[in-house]
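Order of the sequence lines fixes the chain letters, A, B, ..., with proteins taken first and strands second; residue numbering starts at 1 for each chain. The structure displayed is predicted, hence computed values, not measured ones.
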Number of protein chains: 8
Amino acid sequence: MSSYVKDLIDGIKNGRISEEEAEIMLKKAPFVDIGFAKVDVHRAYRQGTPEVIYGAGKTAEQIRTIAETMTERGQDRILITRIDNEKAEALKDLKGFTYHPEGRIGIVGDMPEPDGIGTVLIVTAGTSDIPVAEEAALTCEALGNKVERAYDCGVAGLHRTLNHMDQIMSASVIIAIAGMEGALASVIGGLSDCPVIAVPTSVGYGASFEGLTALLAMMNSCASGVTVVNIDNGFGAAYSASMINHMHVKEDKR
Amino acid sequence: MSSYVKDLIDGIKNGRISEEEAEIMLKKAPFVDIGFAKVDVHRAYRQGTPEVIYGAGKTAEQIRTIAETMTERGQDRILITRIDNEKAEALKDLKGFTYHPEGRIGIVGDMPEPDGIGTVLIVTAGTSDIPVAEEAALTCEALGNKVERAYDCGVAGLHRTLNHMDQIMSASVIIAIAGMEGALASVIGGLSDCPVIAVPTSVGYGASFEGLTALLAMMNSCASGVTVVNIDNGFGAAYSASMINHMHVKEDKR
Amino acid sequence: MSSYVKDLIDGIKNGRISEEEAEIMLKKAPFVDIGFAKVDVHRAYRQGTPEVIYGAGKTAEQIRTIAETMTERGQDRILITRIDNEKAEALKDLKGFTYHPEGRIGIVGDMPEPDGIGTVLIVTAGTSDIPVAEEAALTCEALGNKVERAYDCGVAGLHRTLNHMDQIMSASVIIAIAGMEGALASVIGGLSDCPVIAVPTSVGYGASFEGLTALLAMMNSCASGVTVVNIDNGFGAAYSASMINHMHVKEDKR
Amino acid sequence: MSSYVKDLIDGIKNGRISEEEAEIMLKKAPFVDIGFAKVDVHRAYRQGTPEVIYGAGKTAEQIRTIAETMTERGQDRILITRIDNEKAEALKDLKGFTYHPEGRIGIVGDMPEPDGIGTVLIVTAGTSDIPVAEEAALTCEALGNKVERAYDCGVAGLHRTLNHMDQIMSASVIIAIAGMEGALASVIGGLSDCPVIAVPTSVGYGASFEGLTALLAMMNSCASGVTVVNIDNGFGAAYSASMINHMHVKEDKR
Amino acid sequence: MSSYVKDLIDGIKNGRISEEEAEIMLKKAPFVDIGFAKVDVHRAYRQGTPEVIYGAGKTAEQIRTIAETMTERGQDRILITRIDNEKAEALKDLKGFTYHPEGRIGIVGDMPEPDGIGTVLIVTAGTSDIPVAEEAALTCEALGNKVERAYDCGVAGLHRTLNHMDQIMSASVIIAIAGMEGALASVIGGLSDCPVIAVPTSVGYGASFEGLTALLAMMNSCASGVTVVNIDNGFGAAYSASMINHMHVKEDKR
Amino acid sequence: MSSYVKDLIDGIKNGRISEEEAEIMLKKAPFVDIGFAKVDVHRAYRQGTPEVIYGAGKTAEQIRTIAETMTERGQDRILITRIDNEKAEALKDLKGFTYHPEGRIGIVGDMPEPDGIGTVLIVTAGTSDIPVAEEAALTCEALGNKVERAYDCGVAGLHRTLNHMDQIMSASVIIAIAGMEGALASVIGGLSDCPVIAVPTSVGYGASFEGLTALLAMMNSCASGVTVVNIDNGFGAAYSASMINHMHVKEDKR
Amino acid sequence: MSSYVKDLIDGIKNGRISEEEAEIMLKKAPFVDIGFAKVDVHRAYRQGTPEVIYGAGKTAEQIRTIAETMTERGQDRILITRIDNEKAEALKDLKGFTYHPEGRIGIVGDMPEPDGIGTVLIVTAGTSDIPVAEEAALTCEALGNKVERAYDCGVAGLHRTLNHMDQIMSASVIIAIAGMEGALASVIGGLSDCPVIAVPTSVGYGASFEGLTALLAMMNSCASGVTVVNIDNGFGAAYSASMINHMHVKEDKR
Amino acid sequence: MSSYVKDLIDGIKNGRISEEEAEIMLKKAPFVDIGFAKVDVHRAYRQGTPEVIYGAGKTAEQIRTIAETMTERGQDRILITRIDNEKAEALKDLKGFTYHPEGRIGIVGDMPEPDGIGTVLIVTAGTSDIPVAEEAALTCEALGNKVERAYDCGVAGLHRTLNHMDQIMSASVIIAIAGMEGALASVIGGLSDCPVIAVPTSVGYGASFEGLTALLAMMNSCASGVTVVNIDNGFGAAYSASMINHMHVKEDKR
């Protein structure tokens with residue numbers, strides 16, 4: 001998306017883009033304005049990258065319109081996050097649409113082949129964290145990453161965590177997902193030597209304050225190499241993890 | 001202290017204490033009113049238990065007066081918590097007074113022989129937690145407990161924690177002390193099978209909010225058997241730990 | 001659970017466990033991985049101790065699968081907390097299952113004979129705190145403790161509290177349960193000379209902030225010997241109380 | 001003060017005050033504008049009531065100017081709250097000025113004879129609450145109330161509280177002052193049958209959050225008849241208590 | 001209630017109550033233990049004062065049992081707060097029961113004749129605050145107070161407030177009820193010269209945080225003579241107001 | 001409204017209003033007291049300004065009564081905010097009533113011709129912010145302002161924001177509406193040179209805390225010229241924006 | 001500043017600015033990079049508008065360098081906010097520098113003639129709010145506004161507020177400054193019919209939480225036409241007020 | 001560090017490490033226990049990686065002892081963070097020690113040659129954020145990264161941000177550092193297509209709450225690819241950034 005802006009600015013400067021073209025690009029692109037939303041349609045510049053529609057707070061009809069606009073403009077893979085069964089049902093006749101209820105994610109188009117540096121390991125403290133973990137896992141896969149899952153590894157049963165030692169040591173990136181006191185992030189951060197993205201979840205009760213305690217705890221992790229995203233934000237963690245797991249692409253471009 | 005109240009109530013009921021005596025007891029005891037404070041002096045009922053003076057917010061002169069009043073009434077061991085070097089200096093000529101700067105604690109009288117069930121293990125996550133740990137350790141010792149110290153065992157270096165596995169498995173009670181994200185409590189809670197008292201500390205910066213994050217995290221510990229005291233409250237943890245480590249006394253009285 | 005880890009480590013060190021066995025133990029045990037959860041099955045090492053399933057956030061089907069896996073591996077007593085009538089109904093044909101709606105607890109197997117040092121006294125400030133109290137009481141009983149209940153003893157009617165003076169004086173451990181301002185913990189803490197575990201509840205309105213005020217107040221209790229668990233965490237308080245009330249077991253093992 | 005406004009409005013309506021007089025009254029009175037402050041000077045309407053200067057955040061020079069302006073307009077008793085030794089020293093040559101360091105209060109003029117219905121009882125939980133208590137006590141006395149003090153009566157030593165039972169039962173109004181968990185308010189509220197004004201104090205550490213915990217706890221008091229003022233606001237509690245203790249004046253005017 | 005405790009203690013001391021009687025009184029009274037609640041039955045000592053049942057969190061059946069127990073013991077006026085239409089319907093055949101939906105209050109027995117010093121004025125900032133105001137008004141009336149209501153007097157339309165100037169000046173006590181920014185308390189506090197009890201309400205949205213903002217603002221009122229109760233606590237404000245409005249009773253007893 | 005008070009005071013002073021008239025005006029006006037509300041009816045002094053009824057927390061019947069009272073007194077344009085479809089349906093036979101569901105606003109009477117200095121530009125960060133934006137837009141229009149809408153311009157796609165550069169540069173006032181991190185306010189504030197009113201919205205999840213994060217962020221905007229209103233308060237922003245966009249009226253009156 | 005960006009973009013589009021010039025403008029302007037800061041130097045486009053240096057967190061030497069860089073580029077009026085006496089002393093030999101300690105503001109160059117629509121009225125609740133008020137007042141004056149000051153007008157003495165009725169009715173914009181409960185904003189908002197910008201201040205103690213309570217209260221003001229800036233942000237309020245008071249300039253440009 | 005644990009576990013399993021060796025390794029390594037701290041000394045396994053000493057809360061003497069212990073064990077590069085001038089002075093005779101006051105960092109040994117994939121770009125919103133930025137920059141350099149700095153690029157002057165467009169587009173990782181409202185993270189996140197690590201700073205005043213507002217805002221960034229670390233945690237951001245910028249090492253090991 002931002003490469004579009006840069007191309008435009010560069011184009012203006014080096015004459016590749018004429019004044020008239022520039023004006024049109026600035027006015028009409030890189031999005032289509034469909035009233036209630038502005039739909040990005042220039043992602044095609046970066047082949048293979050899916051567009052993402054954040055489904056919460058949008059009606060099924062709005063989601064459909066956005067997805068169809070994207071498809072018309074040539075986007076062949078679209079990720080639709082945070083949609084429930086009802087919305088999924090309403091979208092089921094979108095061409096190429098499949099719904100993954102465990103992660104509340106719909107995908108238009110096929111899953112790509114993994115092309116990252118290595119594996120993204122997704123670890124959860126408990127069973128209740130699985131929906132967030134699946135949002136992360138499916139997003140990673142849709143973005144071209146090999147994913148391994150290690151669920152219900154909370155630190156109160158340390159042997160459960162240590163049982164995944166091989167995976168922890170060999171992962172490219174780890175997404176550590178936990179509610180309650182969020183201690184998993186620190187333990188994983190201490191055991192691994194790769195970047196760890198911590199996702200606090202709203203799992204817990206009382207003084208867990210719907211994820212705030214886990215968020216603050218993860219922020220204060222005594223382990224180096226841990227960064228944090230918003231409560232229940234499996235998508236965001238996956239997006240960053242995928243960027244990291246595709247650093248060689250960046251390198252190759254040099 | 002409360003046994004005094006009970007004795008009094010019982011005494012009134014069974015006639016052991018006359019009306020006149022009861023009135024005097026209610027009016028004049030179990031404390032001496034020295035104006036700015038009411039000094040408990042009936043602790044002697046429970047032999048060997050030291051009185052405690054919370055030194056913060058009291059002047060050296062106030063502490064001295066309270067301590068001397070206690071001594072006059074027969075108390076032979078007094079614990080004075082939260083006093084700095086300056087106050088300790090001003091109290092140094094109290095008979096039998098020794099100062100322990102590492103835990104900011106002064107003690108009047110000798111340390112007792114340990115008579116608890118087993119050992120109180122005091123574990124800290126980092127070096128900066130040591131003052132709170134020493135407050136706990138010295139309090140435990142003054143209350144008749146054998147203490148073992150395991151400092152700088154933060155979970156980001158799990159091998160440091162696991163290195164104390166033997167002590168963790170054999171302790172009667174564990175006091176787990178940590179700031180920042182407070183994950184130590186959960187890991188210790190998961191490894192041990194004795195009561196764990198967690199002490200959040202104000203160690204940290206930014207979103208540690210001077211111990212609030214650690215407190216909330218410990219509250220939400222996924223490990224069973226963990227209870228929590230106030231931020232930096234080494235004394236309180238030690239007091240409860242000592243009660244637990246002296247449960248056999250309770251049992252013996254039956 | 002942790003004794004399993006220790007046995008394993010010791011076994012490796014002293015040759016009792018062969019390399020192959022160790023690898024198997026590390027890989028396959030001490031839990032059975034049933035996909036959405038890892039089920040601990042080595043608790044049998046500590047005879048008589050029930051396994052616990054935290055029912056909130058698990059479907060009846062998930063709970064059933066976990067319970068059956070445990071039973072198959074020889075566990076003869078299972079505590080299932082935080083389940084409502086509907087889930088209980090769905091589980092009613094689990095062999096040996098009984099449901100206690102007042103504490104939202106299901107138990108597979110029989111209640112054990114009490115074998116603790118003494119009595120766990122459970123005190124509530126009001127009538128609305130009873131569900132939390134019953135969660136604590138039933139957990140204590142399932143863990144082998146004699147329990148006494150003293151409900152609706154809020155400090156605004158001090159005579160209600162004092163009426164239980166005999167029980168307060170003779171208990172091994174007290175669980176003090178209160179919402180609103182949580183003052184019960186301090187009053188009980190001052191009257192008793194045994195460990196007090198305070199449970200803040202979400203009872204109240206307005207500035208009670210669903211238990212936060214009670215939690216903070218209990219944290220700041222001016223009475224020594226009080227430790228605190230999470231809001232509404234009757235189970236956690238009971239688990240710690242039971243550990244304390246079984247300290248003699250610890251002692252006997254020496 | 002407000003009676004001034006009412007008199008003015010009435011006077012305009014019934015013709016007692018001419019248009020010209022009304023305009024002058026509205027423009028120039030009931031205060032003198034001395035630039036940095038507007039000094040009320042019509043309090044003399046209510047004989048015997050002292051004016052109050054809130055000393056915090058004002059320089060000694062500003063306080064002096066305000067006090068002198070009041071005196072010039074006939075005010076013969078002025079209460080100056082929240083001033084430290086240094087400011088008091090700078091004000092010592094104000095005619096009729098005396099300083100009470102224990103309550104950080106200066107008074108210009110004599111203390112009045114008590115003329116309230118009964119006694120205002122001021123109770124504190126601990127020794128550290130005394131400065132707030134003295135602010136309240138001296139304010140009460142300056143407003144014409146008989147005051148009794150009961151300090152260091154924290155509920156963790158219930159016998160200390162109960163020792164003041166006679167005073168608690170006979171007081172007209174009680175001001176209950178406590179930091180930490182603020183449980184004193186509920187216990188006093190339950191024992192008494194007169195209005196209780198609770199003052200949370202900033203005494204405590206860690207999760208006392210400088211009085212916030214006590215404030216919230218007092219707000220949620222399970223005892224009826226308890227109202228609350230701001231943290232450390234001894235003056236405010238005293239002002240309300242005095243109003244209550246002078247209700248007969250109100251009655252007599254009918 | 002507390003007079004019961006005092007009578008008991010005095011009785012023991014002066015011999016009026018025999019040992020046996022005392023034991024019975026301590027054991028069986030001043031409440032009847034009906035399992036889920038302890039019902040106070042000695043209020044009859046203070047003739048005319050109704051008992052209060054806090055209806056929230058109790059079932060209609062529990063409320064009925066408590067009310068009937070009270071009635072059996074001679075209580076002829078009972079106030080039942082926080083009950084909705086459904087519970088009221090279920091209680092409608094309680095003898096002497098009437099329901100006041102505007103204040104969510106049920107009353108068993110007749111309203112008493114007002115016997116206070118003067119009038120309790122109840123002021124609200126808006127229309128939405130009326131349910132809280134009616135809880136306060138009906139409680140005041142049930143406790144024997146003459147009540148005046150001044151609703152929708154928010155300070156943004158100052159003329160609405162000033163329109164009630166006569167009532168504000170002549171009230172014995174004022175209950176000021178407001179949500180949002182709660183400024184009404186300060187304006188009323190400045191205009192009146194009687195005690196003002198401020199009730200923050202949960203009326204508002206966004207940064208009103210369900211009454212917290214109003215509570216904090218009222219706590220910080222720049223007007224003297226303002227004390228505060230919990231959010232939406234119309235009952236609590238009324239109870240204190242009634243105590244204040246009956247100060248002459250206290251005086252007469254001397 | 002306040003001009004009414006001023007006219008009254010002036011009228012009393014200069015004799016234009018007689019004593020009797022003044023008393024009547026003070027007692028009966030400028031509002032009609034209809035029991036549950038006080039309806040302002042003197043707005044007609046300022047021709048063309050609509051009255052506003054805040055619909056949340058009022059029944060359809062209450063709204064109707066207030067609206068009809070206003071209409072009877074000559075008000076020909078009424079804005080009814082925060083009403084849902086159900087209430088709108090119940091009000092549909094109010095004469096001249098139209099409902100705008102996208103902004104949850106009902107209007108009695110016609111929309112006025114715009115007569116402001118320029119245009120009010122309403123910008124949102126996302127699609128979910130549109131209901132708040134429409135509340136603002138319709139309010140602006142009802143108050144006589146020309147409105148332009150620029151929706152879904154979040155800063156994460158900066159080109160979407162910059163695409164509206166012409167509008168941003170030429171607006172009289174901008175209302176910037178955003179949830180989540182609220183960065184839109186700072187970016188718009190930096191790009192424009194007119195007053196910007198920022199409206200935080202409750203759009204977001206987790207650590208957005210229902211708009212609190214956006215509110216705090218907007219409060220701390222590094223851009224000059226940004227002021228803030230309550231979460232989701234589209235009406236309030238519009239009211240202030242309209243005042244600013246009609247400053248020339250103020251000027252003309254001089 | 002933003003007009004620079006727009007000119008640049010327009011210039012590129014219409015050919016007025018060559019590619020080479022555009023590149024230079026993009027690279028080198030509109031600021032001078034002096035290492036630790038980027039100094040805006042293109043403000044001269046809008047004649048008469050002073051540059052502003054936020055002095056807090058900058059050394060006197062840094063401020064001097066920034067000011068001198070501005071002066072060299074032709075800026076003849078610079079406002080330096082939040083500087084104390086010490087920094088002012090170190091800057092006193094800056095050409096044309098004068099220091100205003102009451103508002104902690106330094107100004108390089110002369111004050112301009114007022115050229116706004118009308119008067120900016122600055123009202124404070126108390127004496128302690130004056131430093132914030134003077135920051136606002138001096139900023140307004142430096143930006144070309146006529147200012148009137150009304151200090152110590154807190155609503156607890158409503159006559160003090162009403163005494164400024166004429167000014168309140170005739171102001172173009174009002175800046176309402178208050179700490180504690182911040183009720184001034186609502187009262188002023190209700191009395192005036194011009195935009196009100198509310199500034200919460202950190203004046204107060206206890207539950208004022210250093211201005212947070214006032215901020216939240218002002219956010220929830222029941223008066224329409226009130227917007228809010230950050231705690232103690234006199235400058236920000238003044239900047240917005242000046243924009244509003246210069247709306248005719250905007251109009252004239254059309 | 002964790003590779004040590006893994007090697008140990010593997011060694012035990014495959015027989016490479018004998019029982020005796022394992023016991024020694026578990027007991028004595030991989031750290032040296034120097035009483036107040038456990039010093040990691042097995043980092044040498046990962047050549048070139050410096051050890052880190054968190055200097056805050058440690059005395060100069062403690063830091064010296066730790067550093068010397070590390071050096072003795074063969075560590076040739078040590079990073080000492082959060083030390084002020086005074087501690088640096090006390091450490092200046094440590095062999096190979098240099099102090100960087102702008103980032104409060106001391107380094108023992110030489111800076112390594114950069115060997116990362118690309119460049120770490122460090123952007124700050126303002127001048128006051130520079131100390132945190134330098135902590136990050138120096139840490140990155142000590143960990144073998146090429147660093148570019150872009151300071152004072154706050155979004156209120158968007159041209160300042162856009163001026164660094166080339167660097168933003170070509171960086172491997174970006175560290176975005178901002179206080180106040182923290183909007184920089186979202187704007188940079190939207191403009192770049194590499195991982196962005198956001199560091200909230202304590203820069204600001206009032207409702208910035210010492211970085212909390214920036215932290216929350218960054219957590220809620222509408223831009224994908226943004227993760228967050230603790231307030232002022234320049235070191236933590238740098239450590240993660242370096243891990244990401246060295247992903248090729250991970251890849252090469254496969």
Side-chain angles (χ1 to χ4, degrees), chain C residues 124-129 152-162 164-165 168-169 176-193 196 198 200-228, chain D residues 124-129 152-162 164-165 168-169 176-193 196 198 200-228:
Chain C
T124 77
T127 298
S128 308
D129 302 313
D152 197 20
C153 302
V155 299
L158 205 54
H159 52 296
R160 300 182 181 190
T161 318
L162 298 177
H164 292 279
M165 200 65 202
I168 291 170
M169 289 304 296
I177 302 174
M180 300 172 80
E181 89 281 52
L184 184 71
S186 293
V187 171
I188 296 286
L191 291 173
S192 71
D193 59 1
V196 174
T201 71
S202 51
V203 169
Y205 63 92
S208 81
F209 299 124
E210 304 191 341
L212 176 57
T213 293
L215 186 156
L216 292 177
M218 287 168 166
M219 270 290 151
N220 283 281
S221 175
C222 52
S224 299
V226 177
T227 60
V228 188
Chain D
T124 78
T127 299
S128 308
D129 302 314
D152 198 19
C153 301
V155 299
L158 207 54
H159 52 297
R160 299 180 181 193
T161 319
L162 298 176
H164 292 278
M165 201 64 202
I168 292 170
M169 290 302 297
I177 301 173
M180 301 172 78
E181 90 282 50
L184 184 71
S186 293
V187 171
I188 295 286
L191 290 172
S192 71
D193 60 1
V196 174
T201 70
S202 51
V203 170
Y205 63 93
S208 80
F209 299 125
E210 305 192 337
L212 176 57
T213 294
L215 186 156
L216 292 176
M218 287 168 165
M219 269 292 151
N220 283 281
S221 176
C222 51
S224 299
V226 178
T227 60
V228 189

Can you list, pair by pair, the side-chain donor-acceptor contacts under 3.5 Å of residues 207-216 of chain D, counting residues two or more places apart and other chains?
from, atom 1, to, atom 2, distance (Å)
Ser208(D), OG, Tyr205(D), N, 3.2
Thr213(D), OG1, Ala207(D), O, 2.6

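By the 4.5 Å heavy-atom criterion applied to side chains, Val155(C) and Val155(D) are not counted as neighbours.
Between chain C and the residues Gly189(D), Ser221(D), Gly204(D), Gly179(D), the most heavy-atom pairs under 4.5 angstrom are made by Ser221(D). The residue among Ala185(C), Ala178(C), Ser186(C) with the most heavy atom pairs within less than 4.5 Å of chain D is Ser186(C). Looking only at heavy-atom pairs under 4.5 Å with chain C, the residue among Ser224(D), Gly154(D), Gly182(D), Ala217(D) that has the most is Ala217(D). Between chain D and the residues Cys222(C), Ala183(C), Ala223(C), Ala125(C), the largest count of heavy-atom pairs under 4.5 Å involves Cys222(C).
Put simply, CD on Glu181(C) and CD on Glu181(D) are 9.5 Å apart, with the number rounded to the nearest 0.5 Å.
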